[in-house]
Each structure stands twice: as C-alpha cells, then as structure tokens.
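Before any comments, here is the structure.
Each chain gets a letter, A, B and so on, in the order its sequence line appears, and its residues count up from 1.
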Protein chains: 2
Amino acid sequence: MKDNKVVDISSIRTTCQNCGLYQLCLPMGLEEGDLDKLDKAIKRQHKVEKGEHLYKMRDAFKTVYALRSGSIKTYSTIENGQEQVTGFHLPGELLGLNSISTKFHTESAIALETSSVCEVPFDRLEELSKEIPSMQHHLLHVMSEEIQSDHCQLMMIAKMPAEARLARFLLSLSYHFSQRGFSATEFNLSMSRNDIANLLGLAVETVSRLFSHFQDNGLMTVERKHVLIHDLDGLMAVTTKCASQPLADDSSSA
Amino acid sequence: MKDNKVVDISSIRTTCQNCGLYQLCLPMGLEEGDLDKLDKAIKRQHKVEKGEHLYKMRDAFKTVYALRSGSIKTYSTIENGQEQVTGFHLPGELLGLNSISTKFHTESAIALETSSVCEVPFDRLEELSKEIPSMQHHLLHVMSEEIQSDHCQLMMIAKMPAEARLARFLLSLSYHFSQRGFSATEFNLSMSRNDIANLLGLAVETVSRLFSHFQDNGLMTVERKHVLIHDLDGLMAVTTKCASQPLADDSSSA
DNA sequence: GGATAGTCTTGATCCAGATCAATATGTTTT
DNA sequence: AAAACATATTGATCTGGATCAAGACTATCC
C-alpha cells in the first residue's frame, strides 16, 4: 500500500512540521493542530536574490518574514544619507517585528546571498496569537531577545575596544552557525568588511587590520570571505581584554 | 443625596481610570470593562525611595513595573564590573518587559529620585492579553518601540560625535517632558553627569565640557541639575552637524 | 562648623582608531 | 582579455575624545 502510492504533491511542499528550523522559528512549542493553523497563514518559500530587498525603510509594515535559508542584512538610513547596519540575520530568525509600533518599516532588509523566506501577514499572526497562547508568548519572547541583543550591542560599542568588538562578532557568528548545525570554526562571511565595520561602529580599515592581527596571532585564518577559527578560547580572551579591569580592592583586604 | 454622601474610600484609591498617565501606560485604548480587569491585576502605588532598586540583574522576572512618578535608571553590569546604563525612564513607561525571554532580569533598575510604580504580575498580564486583544497588541507595540529606540541609540553611539549625542539626549528629555505636560525647555536632570556620560558612551569630563560649550554658545543654561534650554532649534542643528555630510553628487548633474 | 567624601568643572597630555592615500585583488562588462 | 569598478589590504598621518591631574563646589556626617 505504501510502496505503490503515487507521490502526493502536497506531502512534498514544505510545511512547518518538517521544516528544519522547527526549533528556531515561529512553530516552537506549538501543538499539532496549531501548527496547521499557522501553516495555513504562511506563504512559504519566497525566494530573494542576492542584493534584493525584502522590504525597505518606510514601506508599510504588513508582514513578518521568517528566514529559511541564506542571510539578510538590516540597516537604516540616517538623515544625512549615512547607513547604519542594525544586524545580520540567519535562518530561523524573524524579521520585521520591530516595526509594529510605527506601522511602517524603520529599517531596510536586503539579502546578502540568495535566500528564502516564509511570509506571515502580521494581522493573521495577531489573530493566531489570540487562539494560541504559546504563540503570543513566543512573539513576546522573540522581541525580548532582540532587545537583549541590542543592549549587548550597545554595551559593546560604548565600552569595548575595536579588537574586542570584532572578536565578539566572530564568536557570535560562530555560535549561531553551530546552533544551526554548521561548523563553529569554519564558515563564510556573507557580508562585506564595510558592513561589518558599520555594524561595529568602526572604519573598514580597522576591521581589515584587525583581521590581519588575529591572523598574525594564530587565532584564525581569513581569506576574503572564508574564515577558519583556530582558537575560540583565544578569541574569547580578546573579548574580555577590554578597557579598565575591575579595581578589585576587596581581594586585598581582610 | 450627592452632597451629604460620605467620602467613599474606594473612590479615592487611584484606579487606572483616573490615572493621569492613561494615554501612556498599559490601559491605552482599553474598554471600560477591560480596565476593571486590569485594575484588579495591578498592585498600585508601590513607593521606591531614591537609590532603592526596583529589581536587580539576575532577579527572577515575575512582574512588570509601570512608572507613575519619578525616574528610574536601568543598567547592567558587565563581566569586568563596569556598568552600562541602558536608559532613563519617565512616568508612563513600562519596565521589565525586556527580560521575558530569559525569565530573570538582565539589567537592574534603580530610582534616581523618590518614585512610585504600579506592579503587574507578568503571568496575569499574559492572561489578560488573551482576553483583551488590544492589550496583546499594546505589549507588542511597547516592545517594538523599545527596539526602535535602542536602534536609534546604537546609531547615535556608532556614528555621531559627542556633541551631537549630548544634544540629542537633551532634546529627547525635552520631548518626553513636554509629552507629559511639563516644560520642554526647563527641567531638572535627575541623573548624574556620570550616568549621562555612561549612557552616551562618553567620559564624564566630555559631558561636562560639552555642557559648558552649549552654554557658551547660548544654547542653554545649565546649573548643576537645573537645565534651561534657550534654543531648541540650535540644539537640533548640533544634532545634525554630525560626521561626513551626504556627498550629494546628484544635485549637480542634470 | 569643620572634616570627609562625592560630584562637577577645567586644563594638559596622550592614544586608539579615523582619515587620507596608494596599491592589490577581485568581479563584471564588453 | 582589457577596461572599468568595487572591495580589501597596508602604510602614514591626524584628531576627537579618553585619561590624568588638580581644583571647586555640595552634601553628609560627627
């Protein structure tokens, strides 16, 4: 019965149920029935070519994007025409939620490589949240995470020297890749040096020089886009090597 | 009948209905009946003395705080003992939501002056959100706003020179005060120079010098905590006077 | 009210990282 | 495959703001 069954086209189309990003994306922790509901709301597998925009600043905010593959850069353009990169996004991440309050996008999202996304109309998502408590919680959870990471980024730019920022950036990429089942020590940078510098609040030249330094110190090998980390702990050490260490007076007394 | 009625104690206790922060806080856009529900969930008017903590980093996250009066500083402590100020909060703001994902607070909140807050257990808030769609939306709205403002802060620290950062900080305070019905041009700073410097990623000395410069340029008068802005537009101008202006090539051609 | 301690201001010096400049290495176009 | 262009590396110089240092002003405590 099962062997002579003609392939059912509907079983091929990717559903949330068998999407590899199950643990990272929206469906996290949903019941079988709920998944179906979500599945119906989603327009799946929209493809975005490298350099193509998912949305642009000031566009109406109507849909949330779940990144399935590839990578996306978000950035906003400042009054004077300068660009501020706000983040690089990897599969499993949700994009667009930060524009709920304004109803129009406050940043642009551009594909750094050919990528694919699932689209969910935000109003459908809000309706679903009414019916599915864990969905409501998940949305809050995701946004809370974004605030956390923004605070971390802030602290980094405000307090850490260039070296530590780049090291932390690399470690963060490494971590996210490993979370997604890829190597933690070997990967390709889909973003340019310029983008990295911008995100970290540095000049391109500084980023370039730091890559060279890290290489000279045997921490990593970097050849254009290709990165091979030799010493994760070493990079960690660079991260903590930031500004004025604690003036641990208490350790000397008593 | 109405004149000889003894004062009803329950009509005196502040309810969300007659709270002056109606437009800013949680109740925003709620129906009469819904307000009652919210009202029951809230523990009202908890007083916090200057220097007292509302919560500390790593405390369990259980309740959300709505600031009624006073001002609160949020900050987190980094590995090396340094402190990073993440924000100053004025009446009407909600505190704590950014720790939903971790379940423990990732920052500390301390009163900069004697303040009062309403407390709402977060699980009650989530339940209410199920029943009241506009409440659900409002929570997402508030978090989205926080992400926006964090991005703005990031851009500021990454791209703007010290002058522009302080100017923008003052304008932001001015705006928030005016939103709350206070003077946009005269107010008191409840935070120290140190805190301001920390938030803006600067040294105290720089903040102090900049205040002096602004004063010399007739933009404002600042005497310890007391601020009097003479020229809002002038401050705005300082804000935009940041780094490399647009290389508007297109205006010359065609 | 004088002592001690925090906070703020102002000046002098220094340095991390920006900016400028030149070259090298891709990449795309024709 | 040469031309035109974008991206990356490396060196030389410059500077905004940090750091160091010293007073001035306030606030708190005996």
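Within 4.0 Å (heavy atoms only), A203(A) reaches at least one base atom of the nucleic acid.
In this structure, of dA18(D), dG17(D), dT10(C), it is dT10(C) that holds the atom nearest to the side chain of S212(B). The side chain of L202(A) lies closest to dA18(C) when the candidates are dA18(C), dC8(C), dG17(D).
Counted by atom type alone, E107(A) and T86(A) present one or more donor-acceptor pairs between their side chains at under 3.5 Å. H226(A) and E186(A) are linked by a side-chain donor-acceptor pair at a separation below 3.5 angstrom, with hydrogens and angles left out of the test. A side-chain donor-acceptor contact under 3.5 Å links T106(A) and Q148(B). Counted by atom type alone, S76(B) and Q84(B) present zero donor-acceptor pairs between their side chains at under 3.5 Å.
Sorted by residue number, the list of members of residues 187-199 of chain A with any non-hydrogen atom under 4.0 Å from DNA chain C is empty.
Not one N or O on the side chain of S178(A) forms a donor-acceptor pair closer than 3.5 Å with the backbone of H176(A).
Put simply, CD on Q215(B) is 15 Å from P on dC8(C), counting in whole angstrom units. dT19(D) atom C1' lies 14 Å from atom CD of Q82(B), rounded to whole Å. Between the CE atom of M160(B) and the P atom of dA18(C) there is a distance of 17 Å, given to the nearest Å. Rounded to whole Å, atom P of dA16(C) lies 19 Å from atom NZ of K159(A). In this structure, CG of L166(B) is placed 11 Å from P of dT9(C), rounded to the nearest angstrom.
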Exercise for the section: List the protein contact pattern of nucleotides 20-30 of chain C with one symbol per nucleotide (5' to 3'): B for base contact, S for sugar-phosphate-only contact, - for none; contact means a heavy-atom distance under 4.0 Å. Expected result: B----BS----
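T185(A) meets the side chain to side chain contact (heavy atoms under 4.5 Å, CB included) test with S183(A), I229(A), L232(A); sequence neighbours excluded.
Ring-centre distance between F104(A) and F61(A): not below the 6.0 Å cut-off.
Applying the 4.0 Å criterion to OP1 and OP2 of dT7(C), one finds that K225(B) has every side-chain N and O outside that range. Distances shorter than 4.0 Å separate some side-chain N or O of T206(B) from OP1 or OP2 on dA18(D).
Between the CZ atom of R168(B) and the CG atom of L171(B) there is a distance of 8.5 Å, given to the nearest 0.5 Å. Summarising the geometry, atom CG belonging to D59(A) is positioned 6.0 Å from atom NE2 belonging to H105(A); distances are rounded to the nearest 0.5 Å.
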